[in-house]
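Chain identifiers are assigned alphabetically (A, B, ...) following the order of the sequence lines, protein sequences preceding nucleic acid strands; residue numbering begins at 1 within each chain.
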Number of protein chains: 2
Amino acid sequence: MKPELTDRKLQILAAVVREYSETGEPVGSKSLAADLNLSSATIRNEMSDLAELGLLEQPHTSAGRVPTAKGYRLYVNQLMHRQPLSERDKREIDDMLPGQVEDPGVLAEAAARALAELTDCAAVTTTPADDQATVKQVRVLPLSRQTVVVAALTSSGLMKSRICLVEGGVTPDMLEKFIRFAEEQLYGLPLSDFQQGLTQTLAVQMGDLSLLPIMAALQETLASAAQAELLLQGQSNLLKHRRFGGEQAVRLLEFLSRGRPLLRILHHSGEGVQVVLGNETGEEALEHSGLVVSPYRVGDREMGSIGVIGPDRMDYEHIIPSLEYFAYRIGRLLSDALDEE
Amino acid sequence: MKPELTDRKLQILAAVVREYSETGEPVGSKSLAADLNLSSATIRNEMSDLAELGLLEQPHTSAGRVPTAKGYRLYVNQLMHRQPLSERDKREIDDMLPGQVEDPGVLAEAAARALAELTDCAAVTTTPADDQATVKQVRVLPLSRQTVVVAALTSSGLMKSRICLVEGGVTPDMLEKFIRFAEEQLYGLPLSDFQQGLTQTLAVQMGDLSLLPIMAALQETLASAAQAELLLQGQSNLLKHRRFGGEQAVRLLEFLSRGRPLLRILHHSGEGVQVVLGNETGEEALEHSGLVVSPYRVGDREMGSIGVIGPDRMDYEHIIPSLEYFAYRIGRLLSDALDEE
DNA sequence: TTTAGCACTCATGCAAGGAGAGTGCTAATC
DNA sequence: GATTAGCACTCTCCTTGCATGAGTGCTAAA
């Protein structure tokens with residue numbers, strides 16, 4: 001039958017996790033004896049119990065102990081206490097971000113770059129995307145004889161555009177008609193309305209099939225405005241961590257560059273800062289790695305995510321508050337740009 | 001005194017390069033004997049001469065020979081004959097690229113991704129950027145109480161925008177005034193005029209300092225439109241090549257993500273497809289790697305570059321024609337979008 | 001319940017030895 | 001005079017054996 005999970009056992013687990021995070025080596029009983037005022041033998045007994053509980057494991061018979069995923073999870077959820085960010089740290093982060101948002105994509109990229117540098121891990125952000133945002137402005141600009149550029153601005157401050165080929169050219173008449181239609185019928189509609197191909201319907205409604213290609217381009221533009229893009233930085237940092245050797249590194253980088261599966265993980269994590277252990281995702285490529293993820297929001301609307309990807313034994317106590325601050329700061333900057341309080 | 005560089009020596013050099021490219025192992029005299037209808041002893045003599053000429057070298061006394069940078073350069077310049085691309089290959093490439101340009105950035109990214117996948121190396125493209133392109137259209141769209149979005153379209157089909165904070169808000173009057181000014185004074189000017197901060201001058205010319213922030217945003221927008229962006233794909237492919245182990249891989253990836261130095265290399269390479277050997281660049285991070293680079297053009301104007309980054313012993317004979325075709329195709333697609341012939 | 005002591009288990013590092021690949025040189029051959 | 005066969009020599013790489021040391025589990029004493 002299972003041993004009981006006493007308070008002291010938890011303390012020992014925490015100590016093992018901390019030491020293991022620092023050194024990356026299995027931790028033995030002796031190295032903890034001093035810290036905890038107990039003999040190594042006592043600790044050995046306790047560790048043996050912890051192993052039985054599935055919280056620690058041994059790489060081989062005569063090595064020290066290493067926390068299991070379950071052990072780590074327990075630590076992260078209950079044992080860890082976050083190290084608050086100093087004012088200095090905050091200022092450092094502020095300095096790495098733009099003072100105001102000139103372009104949401106640029107902001108997201110700067111944030112990812114800063115976060116990667118700060119944590120020595122890979123960092124990922126999504127560009128702000130909100131399919132509840134609405135169509136704010138639409139413009140159609142002639143580019144060449146047979147092409148126009150369709151541009152759309154959303155209420156979330158995102159500007160997107162598409163080049164659109166119109167066989168036979170475009171007359172000023174057509175443009176005006178299109179713009180009028182857009183103003184009357186489309187302004188204020190949420191982007192989510194444009195995910196599916198309702199182009200046809202709209203074109204018919206417009207009563208002019210020659211505008212179909214422009215309508216199609218506009219729809220694609222709006223659809224893409226609702227789509228979050230993934231910005232990845234600091235992949236090379238991952239290689240520095242001994243944890244990712246050979247095969248594993250290739251798999252991990254390849255996974256990250258695939259984009260979609262990573263997006264899914266970002267979306268599925270909940271409210272505030274979340275720790276996701278690689279093993280828990282079922283993704284083979286994420287073995288031995290961990291993510292710390294947080295959404296950022298404008299007002300009470302989730303606009304995107306920011307996250308750190310590193311070895312599962314990264315320094316959560318420090319990274320979590322940093323990430324939290326990043327998310328807060330990004331939200332703040334975006335809100336400022338949109339005049340929202 | 002130096003041995004003469006006979007025809008047969010060149011043949012042997014070529015054979016060494018080819019075999020080395022395939023296997024990555026130093027190549028011995030025996031393995032070439034069969035191919036060239038000579039005894040291994042003869043080849044040994046010749047190889048010894050080639051070593052004296054600085055074209056081959058030995059990792060250690062009793063290993064086979066490896067081409068030096070000089071040897072590789074000679075091979076690339078004179079000995080290699082490109083393998084023409086099959087129609088099938090061309091179609092495959094066509095299928096991986098969009099059928100028409102909807103957005104230049106998307107095209108560049110798709111090309112990089114396709115190229116990386118095809119070559120199993122890293123690939124890089126720059127977004128089209130031409131500082132001789134001109135200002136085609138300018139728009140200012142109100143976003144919120146205190147912000148507007150300044151958008152600009154260039155003659156090269158690039159649409160860029162910036163969010164711009166205007167303390168105190170913006171009146172329709174101001175907007176109209178600004179647009180009129182832009183239409184009259186700025187349309188047709190080359191982007192290169194906006195690289196330096198001539199904002200002040202223009203604002204004074206405009207006679208209304210309250211428009212200064214908008215003018216500044218416009219200038220930044222136009223400056224950024226002249227700036228090529230770097231799109232990198234397939235970094236993880238590099239790790240698969242045994243050539244990049246440990247330290248070297250970190251340095252290389254880190255170098256790539258730095259961006260600027262890579263841009264410099266892309267810009268400095270000449271007319272058509274160029275092979276750049278890492279050693280020749282003086283960049284330590286590029287040791288053991290090679291680049292194949294080509295500009296792509298619209299009309300006779302260079303708009304950007306596309307390149308492959310891999311181990312210096314990559315398969316140039318195949319990669320060069322592929323890259324050439326990519327460059328041709330990108331140029332073609334862009335030309336189509338701009339109605340140029 | 002805690003601790004000291006001890007036998008036991010493995011990973012790791014190092015030295016020695018053998019196998020194999022490839023060379024350079026010399027002398028024979030075409 | 002160029003080419004080739006033969007051979008001694010040099011190095012790397014792999015294997016094996018052995019010593020070392022960290023760490024454990026168990027038992028018996030405190």
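DNA chain C lies under 4.0 Å from at least one heavy atom of each of the following residues of residues 53-61 of chain B: B:Gln58, B:Thr61. Contact check of residues 23-32 of chain A against DNA chain D (heavy atom, cut-off under 4.0 Å) returns A:Gly28, A:Ser29.
Not counting sequence neighbours, the partners of A:Val273 by the side chain to side chain contact (heavy atoms under 4.5 Å, CB included) test are A:Val292, A:Ser294, A:Ile320, A:Leu323, A:Glu324. Residues meeting the side chain to side chain contact (heavy atoms under 4.5 Å, CB included) test with B:Thr126, sequence neighbours left out: B:Ala228, B:Leu230, B:Leu263, B:Leu266, B:Tyr296, B:Ser305. The side chain to side chain contact (heavy atoms under 4.5 Å, CB included) test applied to B:His318 returns B:Gln83, B:Asp315, not counting sequence neighbours. Not a single side-chain hydrogen bond (donor to acceptor under 3.5 Å, both in side chains) links A:Ser62 to another residue, sequence neighbours left out. Partners of B:Glu57 by side chain to side chain contact (heavy atoms under 4.5 Å, CB included), not counting sequence neighbours, listed by chain and number: B:Thr68. In this structure, the side-chain hydrogen bond (donor to acceptor under 3.5 Å, both in side chains) partners of B:His288, at least two apart in sequence or on a different chain, are B:Arg243.
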> Reading nucleotides 3-8 of chain D from the 5' end, what letters show protein touch, with B for base, S for backbone sugar-phosphate only, - for no heavy atom under 4.0 Å?
Replying inline: SBBB--
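Among A:Lys240, A:Gln235, A:His241, the single residue meeting the side chain to side chain donor-acceptor pair (under 3.5 Å) criterion with A:Asn237 is A:Lys240.
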>> One pair to check against salt bridge (charged side-chain N to carboxylate O under 4.0 Å, His left out): A:Glu4 and A:Lys9. What are the steps and the verdict?
In response: CA-CA 9 Å; A:Glu4 207 178 341; A:Lys9 286 196 177 60; over 6 Å; no
Below 3.5 Å is the cut-off: list the nitrogen or oxygen pairs between protein and nucleotides 27-30 of chain C, distance only.
none

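Taking a 6.0 Å sphere around CD of A:Glu317, one finds it holds more than 12 heavy atoms contributed by other residues, nucleotides or ligands. Environment of CD in A:Glu284: sparse, with no more than 12 heavy atoms of neighbouring residues, nucleotides or ligands closer than 6.0 Å.
Across the protein-nucleic acid pair, A:Glu19 atom CD and D:dA22 atom C1' stand 14 Å apart, rounded to whole Å.
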Donor-acceptor pairs are to be reported for all side-chain atoms of residues 25-32 of chain B against protein atoms at under 3.5 Å, with residues two or more places apart or in another chain.
{"unit_1": "B:Glu25", "atom_1": "OE2", "unit_2": "B:Arg242", "atom_2": "NH1", "d": "3.2"}
{"unit_1": "B:Ser29", "atom_1": "OG", "unit_2": "B:Arg44", "atom_2": "NH1", "d": "3.2"}
{"unit_1": "B:Ser31", "atom_1": "OG", "unit_2": "B:Gly28", "atom_2": "O", "d": "3.0"}

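Annotation: side chain to side chain donor-acceptor pair (under 3.5 Å) contacts involving residues 251-262 of chain A, sequence neighbours excluded, comprise A:Gln248-A:Arg251, A:Glu254-A:Arg258.
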